[in-house]
Amino acid sequence: MNLFNSALGRNITLMHPKYFIISGFIGIPYIKYYYVFLCFVYVLSVLGNTAVMALIILDQNLRTPKYIVVFNLALVDLLGSSSLVPKLLDIFLFNHRYISFNDCMTFLFFCYTCLSMQTLNLVALAYDRLVAILFPLHYVVKVTHRFMLSLIAFFWLFTVAAVLTAVGLLTRLSFCNSVVINSFFCDHGQMYRLACNDYSPSLVITVLLSLLYIWLPLVFIVFSYVCIGYALSKVATAEERVKALKTCSAHLSLVGIYFLPVLITFTSMDKIHPNARIINLSVTSIFPAMLNPIIYVLQTREIKESMKKMFQKKVQSK
């Protein structure tokens, strides 16, 4: 209990700095062009995710349990990129590297909440594909609108509570040594290591969040596709196997785009160079938000058909 009592601020005087300094990339010339490129990526992600959300709202055929998750994924991507990229551009393009303590905590909360929700959305989509292929006759009963809405609501509540706990533990730390955060945003792992009192509770919550939002989701997704692969191996014709796999192609692409940079970063830990870590985290945080709507438009039959119908109606109305 002494460990957590120290984190709760008992018998210690907390020292919070007025501001933190975001270091960003170190020693890379012309790095501002990378941030300009991220601005371009952000614009595409806003347009793409807004279009996907509007399409799902306008087309009644897309108001299925699966597309409740797709809508939430687009919403999370929109919120996440809007929380991160404008602030990132302000920090590095306009050289506003000083960020107040409270603003940094708020920045951290929104970024980590949206990043965590991305993995849970992928879990929900994996469950949807698992039931659709293994139990096609029971899909309508097992995957309902009410079930998906309840699952998404639970994910949001749980994630907000978990990230608020991590932020709350950070506020119980004293920062009396350095205020320089070696990242491109208010990175939880880089921040608690700057503390000069016991940061063991923050270390514990980091391990728990990594388990809950990286390893357990990844294990579930891999397990679901092992079951899907085994089920498809019993299908009589190759054509039916290909048809079933096509319904999973968009989801598998999203899983690869999101998890590969995360796994590289977290398996390398302190061995990875700070610049490489920032690139991996920025790729994980920003690029999926741009690629997700493109992947769903190109690889999902329902969305392509919906777009064709909307375009035809517009042409006919003219």
Side-chain angles (χ1 to χ4, degrees), residues 6-7 14-28 31 34-35 38 80-81 83-92 95-116 118-119 159 162-215 258 261-287:
S6 65
L14 297 176
M15 297 177 63
H16 291 167
K18 291 183 178 180
Y19 55 83
F20 287 103
I21 302 172
I22 310 295
S23 67
F25 289 101
I26 302 170
I28 300 180
I31 195 59
Y34 179 69
Y35 298 119
L38 291 184
S81 55
S83 300
L84 178 60
V85 179
K87 186 64 179 176
L88 187 149
L89 297 177
D90 178 60
I91 291 171
F92 296 108
N95 203 28
H96 296 156
R97 294 174 184 253
Y98 291 80
I99 181 169
S100 69
F101 182 85
N102 290 334
D103 287 348
C104 198
M105 294 299 165
T106 304
F107 190 22
L108 183 152
F109 170 77
F110 282 106
C111 289
Y112 271 87
T113 298
C114 293
L115 282 172
S116 301
Q118 282 186 338
T119 63
T159 300
V163 178
L164 276 177
T165 302
V167 173
L169 289 175
L170 279 181
T171 63
R172 310 312 300 169
L173 296 177
S174 290
F175 300 90
C176 50
N177 293 323
S178 174
V179 293
V180 179
I181 301 173
N182 294 318
S183 187
F184 68 106
F185 73 115
C186 293
D187 192 343
H188 180 263
Q190 299 299 313
M191 287 180 67
Y192 75 73
R193 290 184 178 89
L194 298 176
C196 53
N197 60 335
D198 182 20
Y199 58 73
S200 299
S202 290
L203 178 59
V204 170
I205 198 71
T206 297
V207 174
L208 287 175
L209 292 180
S210 299
L211 182 66
L212 289 172
Y213 290 103
I214 297 175
W215 299 112
Y258 182 83
V262 171
L263 291 176
I264 291 171
T265 301
F266 282 90
T267 53
S268 301
M269 297 300 287
D270 295 333
K271 297 178 182 177
I272 192 170
H273 191 276
N275 289 341
R277 185 176 186 278
I278 290 173
I279 290 174
N280 278 338
L281 286 176
S282 63
V283 166
T284 304
S285 306
I286 299 167
F287 280 82

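Only this structure's heavy atoms are used, side chains among them; waters, hydrogens and symmetry mates stay out.
- Taken to the nearest 0.5 Å, the CD1 atom of Ile91 stands 9.5 Å off from the CG atom of Leu89.
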- Task: Could you please spell out the steps behind the side chain to side chain contact (heavy atoms under 4.5 Å, CB included) verdict for Ile31 and Phe92?
- Result: CA-CA 9 Å; Ile31 195 59; Phe92 296 108; over 6 Å; no

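- Residues Met105 and Met191 have side chains in contact (heavy-atom distance under 4.5 Å, counting atoms from C-beta outward).
- Looking at Arg172, its side chain never comes within 3.5 Å of a backbone N or O of Gly168 through a donor-acceptor pair.
- Taking CD1 of Ile286 as the start and CG of Leu38 as the end, the distance is 4.5 Å to the nearest 0.5 Å.
- Two residues are said to be in side-chain contact when any heavy atoms from C-beta on lie closer than 4.5 Å; Tyr19 and Ile99 fail this criterion.
- The two residues Phe25 and Ile279 have their closest heavy-atom pair at CE2-CG1, 3.4 Å.
- Of the residues listed (Leu170, Asp187, Thr113, Ile181), the one engaging Leu108 in a side chain to side chain contact (heavy atoms under 4.5 Å, CB included) is Leu170, and it is the only one.
- Of all heavy-atom pairs spanning Ser23 and Asn182, the tightest one is OG-CA, 3.1 Å.
- Counting only N and O atoms by type, the side chains of Asp103 and Tyr98 include no donor and acceptor under 3.5 Å apart.
- Taking every heavy atom of both residues into account, Pro86 and Ser81 meet most closely at CD-O, 3.4 Å.
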- Task: Determine, stepwise, if the pair Tyr34 / Ile28 fulfils side chain to side chain contact (heavy atoms under 4.5 Å, CB included).
- Result: CA-CA 10 Å; Tyr34 179 69; Ile28 300 180; over 6 Å; no

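- Between Cys111 and Cys186, the sulfur-to-sulfur (SG-SG) separation does not fall under 2.5 Å.
- A search for ring pair (Phe, Tyr, Trp, His ring centres under 6.0 Å) contacts involving Phe110 returns nothing, not counting sequence neighbours.
- Applying the side chain to side chain donor-acceptor pair (under 3.5 Å) rule to Asn102 yields no partners; only residues at least two apart in sequence or on another chain are considered.
- Every side chain to side chain contact (heavy atoms under 4.5 Å, CB included) that Leu115 has, sequence neighbours left out, goes to Gln118, Tyr258, Ser285.
- Residues that satisfy the side chain to side chain donor-acceptor pair (under 3.5 Å) test with Ser202, not counting sequence neighbours, are absent from this structure.
- Across all their heavy atoms, Val180 and Ser178 have their closest contact at N-OG, 3.2 Å.
- Applying the side chain to side chain contact (heavy atoms under 4.5 Å, CB included) criterion to Pro17, with sequence neighbours excluded, gives Phe20, Phe101, Phe175, Val179.
- Using cut-offs of 30° and 60° on the angle between ring planes, the pair Tyr192 and Tyr199 is tilted.
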- Message: For Ser282 and Phe184: C-alpha separation, side-chain torsions, deciding distance, then whether side chain to side chain contact (heavy atoms under 4.5 Å, CB included) applies.
- Response: CA-CA 8 Å; Ser282 63; Phe184 68 106; 4.0 Å; yes

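- Using modelled atom types, one finds a donor on one side chain and an acceptor on the other under 3.5 Å when comparing Tyr213 with Thr159.
- Here Ile22 contributes atom CD1 and Phe185 contributes atom CZ; the two are 9.0 Å apart, rounded to the nearest 0.5 Å.
- Every residue two or more places apart in sequence or in another chain was checked for a side chain to side chain donor-acceptor pair (under 3.5 Å) with Thr284, and none qualifies.
- The distance from atom NZ of Lys87 to atom SG of Cys104, rounded to the nearest 0.5 Å, is 9.0 Å.
- With hydrogens and angles disregarded, a donor-acceptor distance shorter than 3.5 Å links the side chain of Asn197 to the backbone of Ser174.
- In terms of heavy atoms, Ala166 sits closest to Leu209 at CB-CD1, 4.1 Å.
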